[in-house]
Amino acid sequence: MLNFFYSQILLYLSFLIILFIPGYFLLLVIFGKNESPISKLERFILSFGLSFSIVNFIAFLYSKSNISITAFSSILGIIIFSLVCFAFYFIFKKKNVENLSPEKLFNFSKNQFFLILTLLILSIFIRTAYLSGTVAPTSTDMGHHMYWVKEMVEKNKLPVYEGMPDFIIGEHIVIGKMAMINKMSVFSAFPVIFLFLINIIGILTVFILTLRIFKNKNIAIFSLIFLGVIFAVSSPQAKFISGGVMGNILGNFLIPLAFYFYFRAFENIGNLESEFHLNKKNGQKFLSLAILTTFTLFYTHHLSAFIFIFIFALLIPFFLLVNYKNISKIFKEGLGYFFSFPVIITLLTGLIFFFFIFTPNYIETNAVETAVGAPSKATREGLSFNTLKSSVGESRMALGLIGLFLLILSYKKNNFGFAIIFSWTIAILIMSTKPNLLFINLPSSRIGNYLSYPLAILCAYGLYSIFNLKTINIKNLNLKINLNNLILEKFNRSIFIIIFIFVLASGLIDTSRAFKSSPDFSPLIETFEASKYLLEKNEKEDVILKDHNYVVGDSWMKLFFMQGYKYPQSRGYFKRYFDPTKPREMCTLHMISTPVGEEALECFSETKTNYLVVNPLYDGSQFKKLKNFDSVYQSEGVAIYYRK
Amino acid sequence: MKFSSKKIIIIFLICFTLSSIWLSYKSERILDLNYEKNWWSTYFIEPKSESLSFIIENHSDKESFEIEIFSKKDKLGEINIEIKKGDMKIIKEEDFEFKIEKNDRITFKISSDLEIREIYKNL
């Protein structure tokens with residue numbers, strides 16, 4: 001019990017040190033403490049994202065300087081960074097004081113306050129309830145990621161990924177450093193708790209982004225409903241947390257964070273009448289942070305970065321196009337932001353890191369080229385509208401599209417935030433349904449998952465707008481409706497209630513479907529115990545092959561041996577061996593499925609495989625007939641055969 | 001009463017902490033070999049040598065185990081043992097009351113209720 005509490009204290013300490021302190025001090029030096037353009041809530045939320053960035057960049061510096069990445073050196077780096085920030089803040093604090101009133105937007109009424117709390121508690125509660133049954137280390141993706149985290153912890157240096165472009169360094173540095181400090185096993189709940197926190201902070205980032213863009217607390221609160229409470233379990237939410245889909249979870253955190261900073265930078269571009277006017281210096285500071293976050297995204301997940309590029313490629317021309325009358329002013333102001341000391345320094349530093357200090361492995365390999373071009377598989381040819389609808393939730397899709405329609409109707413052309421939400425939605429819609437138009441060769445369903453975030457904002461906007469038709473600038477359509485008409489207001493109210501109940505019900509039904517009825521974890525434990533047995537008996541010359549089809553939690557076996565990402569060898573899903581486009585490695589299939597066949601005998605002699613880990617129910621009989629295989633270990637779900 | 005964002009942060013932190021304590025507790029339970037588990041295994045102590053000593057490890061609610069020993073298909077004898085949940089039993093070659101000739105496949109068929117495990121060595 002004492003150990004449990006000790007490990008819990010270390011866990012929260014590691015969160016505080018790695019995921020909060022550096023970002024907090026960076027914000028302190030940039031914006032000061034009081035009267036800054038960011039509220040307390042924003043400071044709290046943004047500190048996580050910026051800490052994530054800083055910790056990554058400190059690790060790159062260590063790696064380049066051949067400094068061991070240990071708990072001590074990690075904490076020391078953060079202390080030095082934070083002290084430097086604090087020293088600068090202390091020296092220049094008087095200059096940082098600006099007369100701004102950001103808290104006004106963040107002071108909530110009693111009802112709003114309790115609604116936000118209820119939604120936050122519900123968001124956490126639903127996810128916790130789901131994760132309670134799925135926190136076990138079973139998922140394949142999580143197993144793969146935790147291998148690299150464990151390697152980083154054991155070798156005290158950044159993993160090199162054996163040339164595999166699908167793993168990106170930013171996915172593992174922060175969690176790796178936390179594991180060094182809190183000493184928790186990667187088999188524990190710690191990785192899930194880490195992703196859970198990132199997911200929730202991502203939702204809160206969307207909340208502050210929505211609040212800033214629409215300057216409307218109710219719309220922001222609605223965004224919490226659509227992202228935090230409804231569809232809280234389906235992809236890319238709690239299911240991705242337990243599934244260890246790290247890149248997607250981190251991407252869905254960093255993309256809104258980057259948009260938040262870009263929005264704050266260009267919030268007032270060509271819009272001097274704004275009540276929330278920021279001075280040019282603050283715009284430059286926000287732009288620097290936006291660039292820092294963008295680099296972090298590129299260091300963290302290639303697919304998210306790829307999607308971000310496409311959104312940005314649509315965002316800038318779209319914003320300029322709708323503001324073509326103001327284009328010279330926007331250019332002038334934009335260039336004024338860009339060609340400034342903080343922005344140029346951040347950009348140059350980012351580029352130096354990216355190309356000279358630590359280049360992500362997907363740049364060094366051919367991953368970028370393979371992502372561009374004509375779709376090479378049916379799964380990359382785009383989703384049908386129906387598939388996309390069921391992927392993001394039918395009701396969310398419907399209300400989101402209504403929100404998009406209403407956003408277009410009431411479009412505020414000089415609101416950069418409107419352009420962000422529009423481009424965010426449209427770019428992902430095109431990328432996931434018509435990838436051939438953009439020459440994208442990536443799994444369409446993976447792209448489609450990213451749609452739920454902008455859709456949640458649009459749902460919030462749509463729902464609020466239906467309820468408050470006055471907010472829509474319908475004079476654009478030359479419509480004349482007496483909005484004070486009592487009947488219309490009652491009609492609005494009824495529509496609001498019907499739509500809200502429909503969306504809430506479908507969202508919660510979706511969530512309830514995902515709950516598992518108390519699973520039996522015995523098969524998982526059997527796999528781990530069999531792995532421990534092999535680890536104990538394993539000698540240098542031994543080679544293990546395990547089955548991925550029928551052995552539960554097999555992808556975690558490599559974490560026991562730590563002899564390379566591809567050790568033990570694995571018989572993968574059967575369909576993977578039958579690829580008409582290219583020849584596949586077949587030995588792992590032959591050695592388990594037909595161990596007496598000629599191909600298998602050749603494979604055994606070539607690979608020196610002598611231990612086979614299979615499920616005896618499915619793969620026991622073929623070994624039982626053979627005299628050169630001993631059955632040396634057996635439980636219900638795992639059998640180990642030793643080949644003489 | 002002021003409804004500031006500071007209170008939201010504090011309540012968020014409390015909720016998240018409670019949630020992660022619960023998840024950590026659940027995870028410890030899941031990784032516990034015995035808690036709500038029902039499995040047992042048997043394995044040779046030395047998988048590579050000719051030694052026939054083996055272990056039965058019990059993490060199930062069953063406590064009675066029957067061991068039958070076969071040379072090829074001929075039954076050499078049987079032993080009944082009791083193992084409590086969470087315990088293991090080492091069965092050494094010298095524990096057998098009969099001699100095992102190591103010239104063919106020696107199979108240990110262990111059963112408890114209707115569940116059967118087989119380990120064997122081809123000697």
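Below, chains carry the letters A, B, ... as their sequence lines are ordered, and counting in each starts from 1.
- In this structure, chain A has a heavy atom under 4.5 Å from the side chain of B/Leu13, while its backbone stays farther away.
- Interface remark: A/Gln8 contributes side-chain atoms only to the contact with chain B (heavy atom separation under 4.5 Å).
- A/Lys624 has its side chain within reach of B/Tyr120: a pair of non-hydrogen atoms, C-beta onward, lies under 4.5 Å apart.
- The minimum heavy-atom distance linking A/Asp630 with B/Asn122 is given by the pair OD1-N, 2.8 Å.
- More than 12 heavy atoms of other residues, nucleotides or ligands sit less than 6.0 Å from atom NZ of B/Lys75.
- A donor-acceptor pair under 3.5 Å is formed between the side chain of A/Tyr533 and the backbone N or O of B/Phe44.
- Most heavy-atom pairs under 4.5 Å with chain B, from the set A/Pro616, A/Ala189, A/Ser123, A/Pro523: that is A/Ala189.
- The backbone N or O of B/Ile45 lies less than 3.5 Å from a partner atom in the side chain of A/Lys537, making a donor-acceptor pair.
- Of the atoms belonging to A/Ile45, not a single heavy atom falls under 4.5 Å from chain B.
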B/Leu31 vs A/Phe521, test: side chain to side chain contact (heavy atoms under 4.5 Å, CB included). Steps then yes/no.
CA-CA 8 Å; B/Leu31 295 173; A/Phe521 291 105; over 6 Å; no
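- Of all heavy-atom pairs between B/Arg105 and A/Phe629, the closest is NH2-O, 4.3 Å.
- Other residues, nucleotides and ligands place no more than 12 heavy atoms under 6.0 Å from the NZ atom of B/Lys89.
- With a 4.5 angstrom heavy-atom cutoff, B/Trp22 touches chain A only via side-chain atoms.
- Across every non-hydrogen atom of B/Leu23 and A/Ser132, the tightest pair is CD2-N, 3.7 Å.
- Within the 4.5 angstrom heavy-atom criterion, atoms from both the backbone and the side chain of B/Arg117 approach chain A.
- Between B/Phe16 and A/Phe15, the ring planes are perpendicular. Angles over 60° get that label, and only those under 30° would be called parallel.
- The NZ atom of A/Lys627 lies 11.0 Å from the CG atom of B/Leu123; values are rounded to the nearest 0.5 Å.
- Proximity to chain A (any heavy atom under 4.5 Å) is shown, for B/Phe54, by neither the backbone nor the side chain.
- Of the two parts of B/Ile11, only the side chain, counted from C-beta on, holds a non-hydrogen atom closer than 4.5 Å to a non-hydrogen atom of chain A.
- Of all heavy-atom pairs between A/Thr128 and B/Ser19, the closest is OG1-OG, 2.7 Å.
- With a 4.5 angstrom heavy-atom cutoff, A/Ile193 touches chain B via backbone and side-chain atoms both.
- A donor-acceptor contact shorter than 3.5 Å links the side chain of A/Ser522 to the backbone of B/Asn38.
- Between the side chains of B/Ser41 and A/Glu529, no donor N or O sits under 3.5 Å from an acceptor N or O.
- Of the listed residues A/Ile124, A/Ile121, A/Leu524, the one with more heavy-atom pairs under 4.5 angstrom with chain B than any other is A/Ile124.
- The distance from the NZ atom of B/Lys37 to the CG atom of A/Asp520 is 8.0 Å, given to the nearest 0.5 Å.
- There is no contact between A/Ile640 and chain B, counting heavy-atom distances below 4.5 Å.
- Counting heavy-atom neighbours within 6.0 Å of A/Phe4 CZ, excluding the residue itself, gives a total above 12.
- The part of B/Glu28 that comes within reach of chain A is its side chain, from C-beta onward, which places non-hydrogen atoms under 4.5 angstrom from that chain.
- Taken from CD in A/Glu636 to OG in B/Ser60, the straight-line distance is 10.0 Å, to the nearest 0.5 Å.
- Using a 4.5 Å cut-off between heavy atoms, A/Phe125 makes no contact with chain B at all.
- Looking at B/Ile116, the atoms closer than 4.5 Å to chain A (heavy atoms on both sides) all sit in the backbone: N, CA, C or O.
- Using a 4.5 Å heavy-atom cutoff, the side chains of A/Val632 and B/Ile119 are not in contact.
- Under a cut-off of 6.0 angstrom, the local environment of NZ in A/Lys644 is crowded, with over 12 non-hydrogen atoms contributed by other residues, nucleotides or ligands.
- Heavy atoms only, all atoms of each residue included: B/Lys26 and A/Val135 are closest at CB-CG1, 4.3 Å.
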In sequence, state the C-alpha distance, the side-chain angles, and the governing distance for B/Ser20 and A/Tyr12, and then conclude on side chain to side chain contact (heavy atoms under 4.5 Å, CB included).
CA-CA 10 Å; B/Ser20 54; A/Tyr12 304 119; 2.6 Å; yes
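- Considering NZ of B/Lys48 and CG of A/Asp542, their distance stands at 3.0 Å, rounded to 0.5 Å.
- Atom NZ of residue A/Lys40 and atom NZ of residue B/Lys7 lie 10.5 Å apart, to the nearest 0.5 angstrom.
- Contact of A/Ile201 with chain B is made through the side chain alone, with heavy-atom distances under 4.5 Å.
- Contacts between B/Thr107 and chain A at a heavy-atom distance below 4.5 Å are absent for every atom of the residue.
- Only the side chain of A/Tyr611 comes within less than 4.5 Å of a heavy atom in chain B; its backbone stays farther off.
- Within the 4.5 angstrom heavy-atom criterion, only side-chain atoms of A/Pro137, from C-beta onward, approach chain B.
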Check against side chain to side chain contact (heavy atoms under 4.5 Å, CB included), B/Ile8 and A/Phe44:
CA-CA 11 Å; B/Ile8 295 173; A/Phe44 173 75; over 6 Å; no
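- For the atom pair OG (B/Ser5) and CG (A/Leu105), the distance works out to 10.5 Å, reported to the nearest 0.5 Å.
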